[in-house]
Amino acid sequence: MKRTGILNAALAGQLARLGHTDQVLVCDSGMPIPPGTETVDLAFVPGVPSFAEVLDGLLAELVVEGAVAAGEVAEANPACAALLADRLPGLEHVPHEELKRMVKGVRLVVRTGEARPYANVILRCGVYF
């Protein structure tokens with residue numbers, strides 16, 4: 001059994017398969033996910049695990065070279081906007097409808113138990129060397 005890092009076997013395996021420029025959507029429990037998209041659903045009860053907990057866990061495991069979130073997050077969910085700005089310098093913003101269209105191109109979806117609006121971000125994988 002792993003001692004540290006991500007213990008969820010499905011998530012650890014999916015992360016190990018990601019390559020440069022692959023995209024990962026970290027989303028709230030209400031984000032529509034296209035059928036057939038590889039998904040690791042961590043939601044247990046509303047709010048558990050939180051978007052912040054999952055994002056921090058993923059950022060400890062991944063090299064991220066870019067990120068995109070909905071522009072509406074600043075007004076609809078200021079706490080999430082501040083979290084994203086703090087964790088992801090250079091974060092890009094697009095309209096929420098565009099973000100939903102972009103979900104079709106992600107390799108992996110990680111669904112959190114978050115139940116607040118616009119707690120969603122697409123991470124673009126980088127390389128560690």
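These numbers were taken from a predicted model, which means no experiment stands behind them.
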Residue pair L25 / I122, side-chain heavy-atom distance below 4.5 Å: yes
Co-membership, hydrophobic cluster, residues I33 and V40, 4.5 Å side-chain: no
V121, V64, I6 screened by side-chain contact (heavy atoms from CB on, under 4.5 Å) with L58, the one that passes: I6
Minimum-distance pair of heavy atoms, taken over all atoms of C125 and G19: CB-O, 3.4 Å
Taking every non-hydrogen atom, the tightest pair across P32 and K100: CG-CD, 3.8 Å
Reported CG-to-CG distance for the pair L91 and L84, which is rounded to 0.5 angstrom: 5.5 Å
Atom of A119, atom of C80 and distance for their closest heavy-atom approach: CA-SG, 3.7 Å
Atom pair CG (D41) and OG1 (T112), whose distance is rounded to the nearest 0.5 Å: 9.0 Å
Heavy-atom closest pair, residues A76 and P117: O-CG, 3.9 Å
hydrophobic_cluster_shared for V26 and V94, side chain cutoff 4.5 Å: no
F51 to E114 - nearest heavy-atom pair and separation: N-OE1, 2.8 Å
Any donor-acceptor N/O pair, N120 side chain to D28 backbone, under 3.5 Å: yes
Heavy-atom side-chain proximity of E72 to H93 below 4.5 angstrom: no
Heavy-atom closest pair, residues S29 and G113: OG-O, 4.3 Å
Distance, nearest 0.5 Å, that separates CG of L83 from CG of D56: 6.5 Å
R111 side chain vs C27 backbone, donor-acceptor pair below 3.5 Å: no
Verify same cluster id: V109, L99 (apolar side-chain graph, 4.5 Å): yes
Short side-chain to backbone donor-acceptor contact, R107 and R17, under 3.5 Å: yes
Reported CG-to-CZ distance for the pair L123 and R87, which is rounded to 0.5 angstrom: 12.5 Å
V54 reachable from V48 in the ILVMFWY side-chain graph, under 4.5 Å edges: no
Sidechain-backbone polar pair: E53 side chain, S50 backbone, donor-acceptor under 3.5 Å: yes
ILVMFWY cluster, L62 and L42 together (side-chain gap under 4.5 Å): yes
From CA spacing to verdict: side chain to side chain contact (heavy atoms under 4.5 Å, CB included), L108, D22: CA-CA 8 Å; L108 173 64; D22 282 341; over 6 Å; no
Heavy-atom side-chain contact between V110 and V24 under 4.5 Å: yes
Gap separating the CZ atom of R124 from the NE2 atom of H20, nearest 0.5 angstrom: 8.0 Å
